[in-house]
Peer 1: 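Sending over a structure as structure tokens; questions will come in a sec.
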Amino acid sequence: MKRFTGDQFRQSSQRRDAIVENLPNRFPVEEWRAFYWTLEPDGNLTTAHAVMHLPRGLGQVTRSVNIGEYGVIEHTRRWGVTLRGGFMDYIDLDLDALLTHDRARFSSDDAEALHLMTMLTNFDLPGYFIVASDEHPFLLFDPEGDLKGSDTHWFTHAGALAYLVSDGEIKISFDLVWEKDKELYKKVMMWLNEELAKRKS
């Protein structure tokens with residue numbers, strides 16, 4: 001069974017309809033688009049999308065993928081998506097040139113470089129609990145509209161709903177249930193929706 005720890009379940013800080021850009025005006029960018037599903041606090045699963053500003057040139061150096069292949073994506077979390085840091089090796093972006101040497105904020109250049117890499121790869125996206133599964137894949141497209149990243153191995157609809165109705169106590173993705181036993185998955189969804197209805201009443 002998967003173990004889920006750390007900040008994987010923190011809530012996103014990103015508001016809807018915002019362009020997601022962690023380091024604005026620091027380097028040339030290009031527009032990527034994420035399409036995904038998110039479970040909202042009322043229990044409704046809705047489609048969502050976000051425009052992400054990524055370093056210019058990333059689209060040219062990354063290959064197209066099929067749904068189910070990670071591509072540039074490292075993983076999805078409740079709050080958003082993490083990209084693979086290795087893409088930095090293939091684009092014309094000088095990390096050293098971005099250093100501010102601000103010792104009021106960073107204890108060393110290494111600490112600031114780690115912060116920059118985190119900001120270049122971790123993106124909060126709009127939504128209460130982002131879902132990414134075979135049933136509801138997370139998709140990331142480059143400026144040309146080519147699929148460059150996907151994730152189908154995070155939480156299913158049932159997993160996100162279980163987290164919601166248990167107030168965060170249940171952290172089970174239910175991806176294997178979806179994969180191995182669709183009838184059992186339907187029963188799990190039925191029970192979870194009954195629990196959701198009880199909460200609403």
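Numbers for residues simply follow the sequence, beginning at 1.
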Peer 1: As a quick check of understanding, evaluate salt bridge (Lys or Arg N to Asp or Glu O under 4.0 Å) for Arg63 and Asp142, giving each step before the final call.
Peer 2: CA-CA 10 Å; Arg63 68 177 184 87; Asp142 74 3; over 6 Å; no
Peer 1: Quiz question: by atom type and distance under 3.5 Å, do the side chains of Thr46 and Asn44 form a donor-acceptor pair?
Peer 2: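 No, no side-chain donor-acceptor contact under 3.5 Å.
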Peer 1: Quick check on His49: does its NE2 atom have over 12 non-hydrogen neighbours (other residues, nucleotides or ligands) under 6.0 Å away?
Peer 2: no
Peer 1: How far does CZ of Phe106 sit from CD of Glu112, to the nearest 0.5 angstrom?
Peer 2: 4.5 Å
Peer 1: Would you call Arg78 and Asp7 a salt bridge, using N to O less than 4.0 angstrom?
Peer 2: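 Salt bridge between Arg78 and Asp7, a charged N being under 4.0 Å from a carboxylate O: no.
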Peer 1: Consider only side-chain heavy atoms of I, L, V, M, F, W and Y, link residues closer than 4.5 Å, and tell whether Phe155 and Ile67 are in one cluster.
Peer 2: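 Phe155 does not cluster with Ile67.
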Peer 1: Taking the side chain as C-beta and beyond, is there a heavy-atom pair between Glu74 and Thr121 under 4.5 Å?
Peer 2: no
Peer 1: Output, in order, the C-alpha distance, side-chain angles, deciding distance and verdict of side-chain contact (heavy atoms from CB on, under 4.5 Å) for Leu196 and Leu164.
Peer 2: CA-CA 8 Å; Leu196 180 65; Leu164 178 66; 4.2 Å; yes
Peer 1: Grab the two heavy atoms, one from Pro55 and one from Leu120, that are nearest each other, plus how far apart they are.
Peer 2: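 Smallest interatomic distance, heavy atoms only, reads CG-CD2, 4.1 Å.
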Peer 1: Run the salt bridge (Lys or Arg N to Asp or Glu O under 4.0 Å) test on Asp181 and Lys186 for me, step by step, so that the C-alpha distance in whole Å, both residues' side-chain angles and the decisive distance to 0.1 Å come before the verdict.
Peer 2: CA-CA 9 Å; Asp181 193 336; Lys186 290 179 182 177; over 6 Å; no
Peer 1: Please check if the distance between the ring centroids of Phe174 and His157 is under 6.0 Å.
Peer 2: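 No, they do not, as the ring centres are separated by 6.0 Å or more.
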Peer 1: Evaluate Val81 against Phe138 for side-chain contact (heavy atoms from CB on, under 4.5 Å), listing each step before the verdict.
Peer 2: CA-CA 9 Å; Val81 67; Phe138 184 103; 3.9 Å; yes
Peer 1: Using only heavy-atom distances, determine whether the side chains of Asp175 and Ser133 contain a donor-acceptor pair under 3.5 Å.
Peer 2: no
Peer 1: Looking only at heavy atoms, which two atoms of Leu116 and Leu95 are closest? And how far apart?
Peer 2: CB-CD1, 3.8 Å
Peer 1: Given side-chain contact (heavy atoms from CB on, under 4.5 Å), test Trp32 with Leu140 step by step and report yes or no.
Peer 2: CA-CA 7 Å; Trp32 288 54; Leu140 182 61; 3.7 Å; yes
Peer 1: Just so I know, are the side chains of Glu135 and Tyr185 near enough to count as touching, which here means a heavy-atom distance under 4.5 Å?
Peer 2: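 Heavy-atom side-chain distance check passes, below 4.5 Å.
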Peer 1: Quick one: list whatever passes salt bridge (charged side-chain N to carboxylate O under 4.0 Å, His left out) with Arg26, sequence neighbours left out.
Peer 2: none
Peer 1: So, the side chain of Tyr36 versus the backbone of Ala50: is there a donor-acceptor pair under 3.5 Å, distance only?
Peer 2: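 Checking the backbone N and O of Ala50 against the side chain of Tyr36, no donor-acceptor pair under 3.5 Å is found.
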Peer 1: Taking the six-membered ring of Trp178, is NZ or CZ of Lys180 closer than 6.0 Å to its centre and within 45° of its axis?
Peer 2: no
Peer 1: Within a strict 4.5 Å, meaning less than it, do heavy atoms of the Arg84 and Ile73 side chains meet?
Peer 2: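 In short, these two side chains do not touch, never coming nearer than 4.5 Å.
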Peer 1: For the residue pair Tyr163 and Phe9, categorise the inter-ring angle as parallel (less than 30°), tilted (30 to 60°) or perpendicular (more than 60°).
Peer 2: parallel
Peer 1: Say whether, by atom type as modelled, one donor and one acceptor occur between the side chain of Arg15 and the main chain of Pro126 under 3.5 angstrom.
Peer 2: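 Not at all, since once roles are kept as given, no pair shorter than 3.5 Å links the two residues.
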Peer 1: Taking side chain as C-beta onward, heavy atoms only, is Thr62 less than 4.5 Å from Leu58?
Peer 2: yes
Peer 1: Same hydrophobic cluster for Ile170 and Leu184, using side-chain heavy-atom links shorter than 4.5 Å among ILVMFWY?
Peer 2: yes
Peer 1: Does the side chain of Leu147 come within less than 4.5 Å of Ser64's, by heavy atoms?
Peer 2: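 Not in contact.
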Peer 1: Counting heavy atoms not belonging to Leu23, are there more than 12 under 6.0 Å from its CG?
Peer 2: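 Yes.
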Peer 1: Restricting to non-hydrogen atoms, name the atom on Leu125 and the atom on Ala34 that form the minimum distance, rounded to 0.1 Å.
Peer 2: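 Minimum heavy-atom contact is CD1-CB, 4.5 Å.
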Peer 1: Do you know the tightest heavy-atom contact between Pro137 and Thr152?
Peer 2: CB-CG2, 3.8 Å
Peer 1: Just verifying a value: how many Å separate Phe123 CZ and Glu21 CD, rounded to the nearest 0.5 Å?
Peer 2: 9.0 Å
Peer 1: So, do Val20 and His53 sit near enough that their side-chain heavy atoms are less than 4.5 Å apart?
Peer 2: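 Side chain of Val20 against side chain of His53, heavy atoms only: no contact under 4.5 Å found.
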Peer 1: Applying the side-chain contact (heavy atoms from CB on, under 4.5 Å) test to Gln8, which of Lys171, His75, Arg77 qualifies?
Peer 2: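 Of the listed residues Lys171, His75, Arg77, the side-chain contact (heavy atoms from CB on, under 4.5 Å) partner of Gln8 is Arg77.
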Peer 1: Any side-chain heavy-atom pair from Met52 and Asn22 closer than 4.5 angstrom?
Peer 2: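 They are not in side-chain contact.
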Peer 1: Would you find a donor on one side and an acceptor on the other, under 3.5 Å apart, between the side chain of Glu30 and the backbone of Gly59?
Peer 2: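 Looks like yes, one N/O pair under 3.5 Å.
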Peer 1: Indicate whether any N or O donor in one side chain lies under 3.5 Å from an N or O acceptor in the other, for Glu40 and Thr38.
Peer 2: yes
Peer 1: Would a hydrophobic clustering, with Ile, Leu, Val, Met, Phe, Trp and Tyr connected at side-chain separations under 4.5 Å, put Trp154 with Trp79?
Peer 2: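 Per the 4.5 Å side-chain linkage, Trp154 and Trp79 are not co-clustered.
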Peer 1: Hey, could you give me the NZ/CD distance between Lys148 and Glu69, rounded to the nearest 0.5 Å?
Peer 2: 12.5 Å
Peer 1: So how far is it from Lys200 NZ to Asp42 CG, rounded to the nearest 0.5 Å?
Peer 2: 5.5 Å
Peer 1: Considering only heavy atoms from C-beta outward, does the side chain of Asp151 approach that of Tyr70 to under 4.5 Å?
Peer 2: yes
Peer 1: Where do Ser150 and Leu139 come nearest, in terms of heavy atoms and distance?
Peer 2: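 Looking at all heavy atoms of both residues, the shortest contact is CB-CD2, 3.9 Å.
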Peer 1: Can you measure from CG (Asp110) to NE2 (His115) and round to the nearest 0.5 angstrom?
Peer 2: 14.5 Å
Peer 1: Measure the spacing between CG of Leu54 and CG of Leu93 and express it to the nearest 0.5 Å.
Peer 2: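 Between Leu54 CG and Leu93 CG, I get 11.0 Å after rounding to 0.5 Å.
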Peer 1: Any idea which heavy atoms bring Gln11 and Asp124 closest together, and the distance?
Peer 2: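 For Gln11 versus Asp124, the nearest heavy atoms are O-OD2, 4.4 Å.
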Peer 1: Quick check on Lys187: does its NZ atom have over 12 non-hydrogen neighbours (other residues, nucleotides or ligands) under 6.0 Å away?
Peer 2: no
Peer 1: Tell me, with the steps shown, if Phe35 and Phe141 meet side-chain contact (heavy atoms from CB on, under 4.5 Å).
Peer 2: CA-CA 8 Å; Phe35 294 87; Phe141 296 87; 3.7 Å; yes
Peer 1: Can Thr82 and Asn122 be counted as having a side-chain donor-acceptor contact under 3.5 angstrom?
Peer 2: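 Note: Thr82 and Asn122 side chains meet the donor-acceptor criterion.
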Peer 1: Would you confirm whether Thr156, through its side chain, and Ser173, through its main-chain N or O, come within 3.5 Å as a donor-acceptor pair?
Peer 2: yes
